[in-house]
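Remarks on the structure that follows.
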There are 2 protein chains.
Amino acid sequence: MPIRPADLDRIRALPLFMGASPAVFRDATAGAFLQRFPAGTTLLMEGDPVDFLYVLLSGSVELQGSWKEKESTLAVLRPVSTFILAAVMLEAQALMSARTLEPSQILMLSGEALRRTARQDADFGFAVIQELAGCYRGVVRTVKAQKLRGGVERLANYLLAQCARQQNEARIILPHEKRVLASLLGMTPENLSRAFAQLSDYGVHVRGAQISFERPRALKRLARPSALIDNHAPAALHPAGKAASETWSTDTEEEGGGAQPPKAARFGVSPKFP
Amino acid sequence: MPIRPADLDRIRALPLFMGASPAVFRDATAGAFLQRFPAGTTLLMEGDPVDFLYVLLSGSVELQGSWKEKESTLAVLRPVSTFILAAVMLEAQALMSARTLEPSQILMLSGEALRRTARQDADFGFAVIQELAGCYRGVVRTVKAQKLRGGVERLANYLLAQCARQQNEARIILPHEKRVLASLLGMTPENLSRAFAQLSDYGVHVRGAQISFERPRALKRLARPSALIDNHAPAALHPAGKAASETWSTDTEEEGGGAQPPKAARFGVSPKFP
DNA sequence: CGCCCAGTTGAATTGGCTCAATAGTCGTGG
DNA sequence: CCACGACTATTGAGCCAATTCAACTGGGCG
């Protein structure tokens, strides 16, 4: 319940609060509390009213939607990420359920306090705008991937994205269960297996959660990653030295316990549509 | 080029500017200009830097994404809607192309001025937040529909949504070409035809662009619309008397030339992810 | 009158899903 | 320490849905 100074620092490092003055930061985090949840805990059900902004500090969280007994994973978040900011700002019901995939440490910030602060302080408001805009663009990327690519292509691009996140090694470790990955990519677990099998023709070897790439060129030729769909690598020219924006996308930055000030500190934020 | 007072009023009626003081409104719209485009004009290509916020005053605009010679329609906007607000706020490149489907009147607002205003005035900033949050949630709904429903179900729900927008008549008129609708719903034109054919079992009759519903109950039982995916009808309890939010979704409100102050004035705004 | 294009229809193919069975893994408890 | 049960992952077979290719229809416009 009491928040450790180290955790406070991690929160301050979030894009949302990075530029905030001490007073604004105090206002926005008033009444905040920290909580630990075991794996598999449902934090929020689809349709619930949303009273808090959640900040994932450790562990991982799955966001999912459902309809007619079907479920689909819309995103898997890793620390440090915020989620359901949009619902908080609109005082609306949640559109997705949230549940922990691992034991997780989660900070809960009062929605009321955040809305009040955003209404009063234009700088903080602008940080919220950027966070939301980034989230929005993340989902747009997701829709594009879903509608424009086939299952194997989505998997190939996912692997390349993970590869880019994991120091571009020739060998990566899948950060989630394959069943979760399958749902995230919009296919069944069986189909994911077959998709992996198809990728063996492109030098992708699977050993449990360890994936190795033996012909990265061939894989890239198949995947054809695009800066307008995938969030990684080439990244066309940004206007200014915009630091961290546009995060969300299918999976968020990892964050052990150490300190990588520049590359860490990403969000689960997502952007609006048009 | 000079903006007519009637147009100015329509812009003021947008959620984005509704609460703005005269001074703030003047700042935000400084350097704005109005332009007419014929049908089929590309306003913006995927990947282009974005310098303006666009406001569609009449006509209609299609937002589309592409990859590997494939294209897909992500949204069709109708007046009055704003678009690419997220890219404007982040000074980022466009993730979608925008082209007119009909001759259109479009207002272009300086991105620079909007960012400056949002940074200086917390109330305007909050309006941007709400717009972005609504857009975000709109795309989330789109992803859910795409991943959780089959083609026929998406069509059925689309028809019900249109029906709700068109005074719940038993007969509606499709607002776009069927080829555009097919792409919007994530299928091929051929498949859309077959989906319509399947719906004839549920009392849906097609005569060109005119669709009539003879057994609305049966159609609803098939479609199973949800307040957490579709934007229309039942709409669970909102906390306060929140006016217009969460617009975007696949297609925006229509707006002839008359005046329906409460139901009109919708956005092309979309919300962020978490 | 005839062209062009949107829309529809049909047949063949592909891809994804469902169902079912098997193999490996982990954790629990005897 | 090992045996068991629960669960994840994989693989095969059959099925349903969607895409592709192709031909045909009908309406609008020159």
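Residue numbering restarts at 1 for every chain, and letters A, B, ... go by the order of the sequence lines. Just so you know, these numbers come straight off a predicted model, no measurement behind them.
Distance, A:F196 CZ to D:dT11 P: 12 Å, rounded to whole Å. Nucleotide D:dG27 holds its P atom 13 Å from the NZ atom of B:K178, rounded to whole Å. Put simply, CG on A:N191 is 14 Å from C1' on D:dA9, counting in whole angstrom units. Distance A:K147 NZ to D:dT19 P: 11 Å, rounded to the nearest Å. As rounded to whole Å, 17 Å separates atom P of D:dA18 from atom NZ of B:K70. For the pair B:L192 CG and D:dA17 P, the computed distance is 17 Å after rounding to whole Å. Rounding to whole angstrom units, CG of residue A:L174 and C1' of D:dT10 are separated by 15 Å. Here D:dT19 presents its C1' atom at 14 Å from CD of A:E153, a figure rounded to the nearest Å.
A tilted orientation is assigned to the rings of B:Y158 and B:H176, their planes being inclined by 30° to 60°.
Here D:dT10 is the nucleotide among D:dT10, D:dT8, C:dG7 with the atom lying nearest to any side-chain atom of A:V206. Closest to the A:E177 side chain, of the nucleotides D:dT8, C:dC17, C:dT8, is D:dT8.
Residue A:R194 places no side-chain atom within donor-acceptor reach of the base of C:dT14, judged by atom type and a 3.5 Å distance cut-off alone.
A donor-acceptor distance shorter than 3.5 angstrom exists from the side chain of B:T100 to the backbone of B:G40, with no hydrogens or angles considered.
When the options B:R141, B:K144, B:R149 are evaluated for a salt bridge (Lys or Arg N to Asp or Glu O under 4.0 Å) with B:D230, the one that passes is B:R149.
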- List the steps and the verdict of side-chain contact (heavy atoms from CB on, under 4.5 Å) for B:R224 and A:W67. CA-CA 9 Å; B:R224 285 236 221 148; A:W67 183 72; 3.8 Å; yes
- Message: Assess the residue pair A:E102 and A:S60 against the criterion (side chain to side chain donor-acceptor pair (under 3.5 Å)); give the C-alpha distance rounded to whole Å, side-chain angles, the decisive distance to 0.1 Å, and a yes or no.
- Response: CA-CA 6 Å; A:E102 313 167 28; A:S60 70; 3.1 Å; yes
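A:G208 comes within 4.0 angstrom of no nucleic acid atom, judged by non-hydrogen atoms across all strands.
Checking A:E190 against A:V152, the closest nucleotide of DNA chain C that is more toward the 5' end is the one next to A:V152.
At the phosphate of C:dC17, OP1 or OP2 sits under 4.0 Å from a side-chain N or O atom of A:T188.
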